[in-house]
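Heads up, the thing below is written out as structure tokens.
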Amino acid sequence: MPDAALQRVPDEEPAELVEALAPADQREAAMPPTANGATVPGEPQYLLQIQVSKSSRTHRAEFSAGSFGHAWVALYKKEPGRKAHCTTYGFFPAESMNAAGALRTVPGVVKTDYDQPSNATAKLDPIGLTEGQAQKVRAYARVNRDYNLATYNCTSFARGLYKAATGLDAPGMRLPLLENPNLLQDSIKQFNQDQKVARKGPLIKAADDSDSETESEPDEIWENHRKAPVPADAPAAAPALLPQGPRFELE
């Protein structure tokens, strides 16, 4: 009987090895940042943007009569091979209010996809989020809060959600009282100008539901944008899989 010999069993190269041997520019393409700055192929990307609809200047009679405008937050999600999808979160009083009771406190309600980006008169330069930070957006929106025009209104909500997700303050005076979309829009435009983007803010392309499966065109905003800082205690990404060596069998 011949001595047993080690022979290589033919097999396809492991997917991890094929990927590791690909050119660096191909491996890094479409890899969004994870919590610790690494990239993972196939993960969705997120952009967060405060949006404002200003209906009247502060010194005009319409503003004094209650035409304050509105502010909300838009969360954009982009998955490989799909156009970006936008979800908006806006804060409103849960019951009707008149001029006589404008400053009373009432239950508040978060309306999802009620506000439309096309109605915005100014948009903050967007900031990129990790998956964990995007989850903070949704968690903040689920909390029940009271609405008060002077102490916690739509602008307060938008600023609070932005801070909860990014750890950063949105542009503005950060007043404890009387925050309003007019002041927020002025601050957004100044911030955008300092960032060297359009004063009214960048447009982020998003598909409607009927077109959500269509592969998107290249969009520079997804390649070049600000990134929210990641806390030092954020969980590290899983280590990359190393190529496995060839398998052998005994005859």
Side-chain angles (χ1 to χ4, degrees), residues 46-78 83-93 97 99 102 108-129 137 140-141 147-166 168-175 177-208 219-222 224-226 228:
Y46 295 94
L47 290 177
L48 186 67
Q49 186 177 59
I50 294 179
Q51 302 178 347
V52 181
S53 176
K54 181 177 177 179
S55 56
S56 175
R57 294 185 180 277
T58 307
H59 64 274
R60 290 185 176 174
E62 294 91 341
F63 183 83
S64 300
S67 183
F68 303 114
H70 184 53
W72 64 92
V73 173
L75 179 65
Y76 293 85
K77 178 180 180 180
K78 187 175 186 298
K83 287 187 177 179
H85 175 74
C86 176
T87 303
T88 62
Y89 302 90
F91 189 63
F92 299 85
M97 302 176 67
V109 60
V110 175
K111 295 183 180 182
T112 304
D113 292 333
Y114 178 85
D115 300 298
Q116 299 301 312
S118 58
N119 294 331
T121 54
K123 301 175 181 180
L124 181 63
D125 184 32
I127 189 167
L129 303 182
V137 171
Y140 190 92
Y147 180 99
N148 184 285
L149 184 61
T151 60
Y152 195 87
N153 54 37
C154 63
T155 303
S156 312
F157 170 82
R159 291 179 62 83
L161 186 152
Y162 187 88
K163 178 68 175 285
T166 68
L168 303 173
D169 287 314
M173 299 168 59
R174 298 189 290 277
L175 298 173
L177 297 173
L178 299 176
E179 288 198 292
N180 66 74
N182 278 18
L183 294 177
L184 180 59
Q185 171 161 303
D186 293 342
S187 299
I188 284 176
K189 286 185 174 181
Q190 184 60 55
F191 181 87
N192 289 343
Q193 181 174 314
D194 294 341
Q195 295 293 313
K196 302 188 185 310
V197 300
R199 276 177 58 82
K200 290 186 176 181
L203 172 66
I204 305 175
K205 298 177 183 178
D208 58 24
D219 193 343
E220 183 180 357
I221 196 68
W222 291 97
N224 183 22
H225 55 76
R226 299 182 298 126

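All figures in this text were calculated on a predicted structure; none of them were measured in a lab.
Looking only at side-chain heavy atoms (C-beta outward), Thr87 and Val137 stay at 4.5 Å or farther from each other. Counting heavy atoms from C-beta outward, Tyr162 and Ile127 have side chains that approach closer than 4.5 Å. Two residues are said to be in side-chain contact when any heavy atoms from C-beta on lie closer than 4.5 Å; Lys163 and Asp169 meet this criterion. Side-chain contact between Lys78 and Leu47: absent, with no pair of heavy atoms (C-beta onward) separated by less than 4.5 Å. Side-chain contact between Ile204 and Cys86 is absent, with no heavy-atom pair separated by less than 4.5 Å.
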- Start with the C-alpha distance between Asp186 and Gln190, add both sets of side-chain angles, then the distance that settles side chain to side chain donor-acceptor pair (under 3.5 Å), and finish with yes or no. CA-CA 6 Å; Asp186 293 342; Gln190 184 60 55; over 6 Å; no
- Message: I'd like to know whether Asn119 forms a side chain to side chain contact (heavy atoms under 4.5 Å, CB included) with Gln51, so could you lay out the CA-CA distance, the side-chain angles of the two residues, the decisive distance to 0.1 Å, and finally the verdict.
- Response: CA-CA 9 Å; Asn119 294 331; Gln51 302 178 347; over 6 Å; no
- Going through the checks in order, is the ring-ring contact (aromatic ring centres under 6.0 Å, His included) test met by Phe157 and Tyr89? CA-CA 9 Å; Phe157 170 82; Tyr89 302 90; 7.7 Å; no
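One finds the OH atom of Tyr152 at 11.5 Å from the CZ atom of Arg159 (value rounded to the nearest 0.5 Å). Rounding to the nearest 0.5 Å gives a distance of 10.0 Å between CD1 of Ile221 and OH of Tyr76. Taking CZ of Arg226 as the start and CG of Leu48 as the end, the distance is 9.0 Å to the nearest 0.5 Å.
Put simply, the side chain of Gln49 gets close to the backbone of Leu124: a donor and an acceptor are under 3.5 Å apart. Judged by distance alone, the side chain of Asn192 and the main-chain N or O of Asp125 form a donor-acceptor pair under 3.5 Å.
The heavy-atom pair separating Leu149 from Ala102 by the smallest distance is CB-O, 3.5 Å. In terms of heavy atoms, Pro93 sits closest to Val109 at O-CG1, 4.1 Å. The two residues Pro171 and Leu184 come nearest to each other via the heavy atoms O-CD1, 3.6 Å. In terms of heavy atoms, Val110 sits closest to Ala141 at CG2-O, 3.4 Å. Smallest separation of non-hydrogen atoms from Pro117 and Asp115: CD-O, 4.0 Å. When all heavy atoms are compared, the tightest approach of Ala122 to Ile188 is CB-CG2, 4.4 Å.
Checked against side chain to side chain contact (heavy atoms under 4.5 Å, CB included), Ser53 has the following partners two or more places apart in sequence or in another chain: Trp72. Taking Arg199 as the reference, Gln193 meet the side chain to side chain donor-acceptor pair (under 3.5 Å) condition, with sequence neighbours excluded. Contacts of Asn153 classified as side chain to side chain contact (heavy atoms under 4.5 Å, CB included), with partners at least two apart in sequence or in another chain: Tyr147, Thr155, Ser156, Glu179.
When the options Lys200, Gln185, His70, Lys54 are evaluated for a side-chain hydrogen bond (donor to acceptor under 3.5 Å, both in side chains) with Thr121, the one that passes is Gln185.
In this structure, Phe92 has its ring center closer than 6.0 angstrom to the ring center of Tyr114.
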